[in-house]
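One structure is given below, encoded as structure tokens.
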Amino acid sequence: MLISFALAVQFLTRIPIHIKGNISNQHLGQSVLFYPIIGIAIGITLVLIAQLLPNTHPALTAAIILSIWVALTGGLHLDGLADCSDAWAGGLGDKERSLSIMKDPAAGPIAVVILVLLLLLKWSALQTLLQQDHILMPLVLAPFLGRLSILMLMLTTPYIRKNGLGAAMQTELPKHAAKLIVIFSLASSFWLGNVTMIISACLAIALLRYLAMQRLQGVTGDVYGASVEITETVVLTSLILSQ
């Protein structure tokens with residue numbers, strides 16, 4: 001399990017980790033079980049940074065927190081959101097065309113616009129939460145639920161690219177353990193967080209799954225990345241809008 005945990009850290013963050021030993025598909029599948037824990041670790045790191053920074057300039061503090069947030073993940077999930085945005089705009093409703101666009105490393109104007117809007121929403125939400133002195137729990141729950149969304153999609157939605165890491169992860173994912181983690185995580189989130197926030201996050205994941213099934217008849221790694229970013233943003237913004 002240590003190799004699986006190290007794989008999760010290596011894949012979801014830019015923390016340099018050298019993994020010794022052979023990496024099997026089973027390790028890849030088991031690594032997904034640690035995704036929510038990595039989310040919590042990211043959240044705790046952001047909370048510590050928020051506590052160290054002065055709160056006299058919330059706009060600047062929010063920008064610093066968001067910049068570190070992106071740097072910790074290397075923009076991995078933002079890249080997935082960008083690819084999905086281009087595919088949805090340029091795919092013209094065609095599955096194969098959409099999948100082809102997702103493989104293109106270039107970002108089109110639609111992707112740029114979506115990324116700017118999402119980061120603006122996150123920055124604005126962080127600034128408001130800092131001003132209200134209500135930043136701690138949202139900063140932990142947002143990355144936690146964002147990465148939990150990957151487990152939820154893996155358990156409920158077919159992965160349509162037959163080769164690659166995503167296919168191996170979903171095939172070898174310990175389904176029973178993953179279901180227990182999802183149930184326990186959601187129950188804990190309802191206890192710790194705002195009910196509207198948790199429900200909004202679940203609805204966002206369900207809507208993204210619906211759209212992916214409509215367009216692609218399944219999900220890809222890019223959809224997983226988009227799910228993380230959208231869920232994080234919904235968690236931050238819904239908490240403010242529900243007040």
Side-chain angles (χ1 to χ4, degrees), residues 1-13 15 26-48 50 69 72-73 76-77 80-81 122 125 129 134-159 165-166 169-210 212 219 221 223-240 242:
M1 294 299 283
L2 184 60
I3 292 179
S4 298
F5 176 75
L7 280 171
V9 175
Q10 186 182 69
F11 188 69
L12 293 182
T13 74
I15 298 173
Q26 185 178 21
H27 289 134
L28 290 172
Q30 290 174 348
S31 71
V32 182
L33 299 177
F34 294 101
Y35 282 12
I37 295 176
I38 304 302
I40 292 175
I42 292 173
I44 291 174
T45 301
L46 296 175
V47 165
L48 292 175
W69 196 341
L72 276 173
T73 62
L76 173 67
H77 311 304
L81 177 63
K122 277 189 171 182
L129 291 169
H134 193 54
I135 193 72
L136 301 185
M137 191 53 65
L139 265 185
V140 175
L141 283 178
F144 169 64
L145 290 172
R147 281 138 196 87
L148 183 68
S149 72
I150 298 178
L151 267 76
M152 296 169 71
L153 288 174
M154 281 194 177
L155 286 170
T156 60
T157 318
Y159 190 88
L165 293 177
M169 286 176 176
Q170 188 183 55
T171 300
E172 297 297 332
L173 174 67
K175 302 298 192 298
H176 183 66
K179 290 176 183 177
L180 291 177
I181 289 172
V182 169
I183 293 171
F184 176 78
S185 297
L186 289 177
S188 301
S189 298
F190 273 110
W191 181 62
L192 293 171
N194 179 284
V195 173
T196 302
M197 176 176 63
I198 310 304
I199 293 176
S200 298
C202 291
L203 289 175
I205 297 166
L207 177 59
L208 180 64
R209 181 192 182 278
Y210 171 78
V219 294
V223 177
Y224 292 149
S227 178
V228 171
E229 290 295 336
I230 291 171
T231 302
E232 288 179 344
T233 304
V234 167
V235 168
L236 295 175
T237 55
S238 62
L239 178 61
I240 297 168
S242 66

Practice prompt. Could you tell me whether Tyr210 atom OH has more than 12 heavy atoms of other residues or ligands within 6.0 Å of it?
Written response: no
Discussion item. Do Leu186 and Leu148 make a side-chain contact, defined as non-hydrogen atoms from C-beta onward lying under 4.5 Å apart?
Written reply: yes
Worksheet item: Closest approach of Lys175 and Gln170, non-hydrogen atoms and distance?
Response: NZ-O, 2.8 Å
Worksheet item: Any donor and acceptor pair, going by atom type alone, linking the side chain of Arg147 with main-chain N or O of Pro143 inside 3.5 Å?
Response: yes
Worksheet item: Does the side chain of Leu46 come within less than 4.5 Å of Ile135's, by heavy atoms?
Response: no
Worksheet entry | Chi angles and distances behind the side-chain contact (heavy atoms from CB on, under 4.5 Å) call for Leu173, Leu155 | CA-CA 9 Å; Leu173 174 67; Leu155 286 170; 4.2 Å; yes
Worksheet entry | Considering all heavy atoms, the nearest Thr13-Val9 contact | OG1-O, 2.6 Å
Fill in: Side-chain heavy-atom pair Met169, Leu7 within 4.5 angstrom cut-off
no
Practice prompt. Report the distance from atom CD1 of Ile205 to atom CG of Leu208, rounding to the nearest 0.5 Å.
Written response: 8.5 Å
Pair up each side-chain donor or acceptor in residues 26-44 with any protein partner under 3.5 Å, not counting sequence neighbours, and list the distances.
from	atom 1	to	atom 2	distance (Å)
His27	ND1	Ser24	N	3.1
His27	ND1	Ser24	OG	3.2
Gln30	OE1	Ser4	OG	3.1
Ser31	OG	Leu28	O	2.5

Item to complete: With rounding to the nearest 0.5 Å, note down the distance linking CG in Leu141 to CG in Leu136.
Response: 11.0 Å
Practice prompt. Among residues two or more places apart or on two chains, list those pairs meeting side-chain hydrogen bond (donor to acceptor under 3.5 Å, both in side chains) that have a residue in residues 179-190.
Written response: none
Worksheet, complete the sentence: Closest non-hydrogen atoms of Phe11 and Leu76, given as atom of the first, atom of the second and distance, are O-CD2, 3.2 Å
Discussion item. Evaluate Leu153 against Arg209 for side-chain contact (heavy atoms from CB on, under 4.5 Å), listing each step before the verdict.
Written reply: CA-CA 7 Å; Leu153 288 174; Arg209 181 192 182 278; 3.8 Å; yes
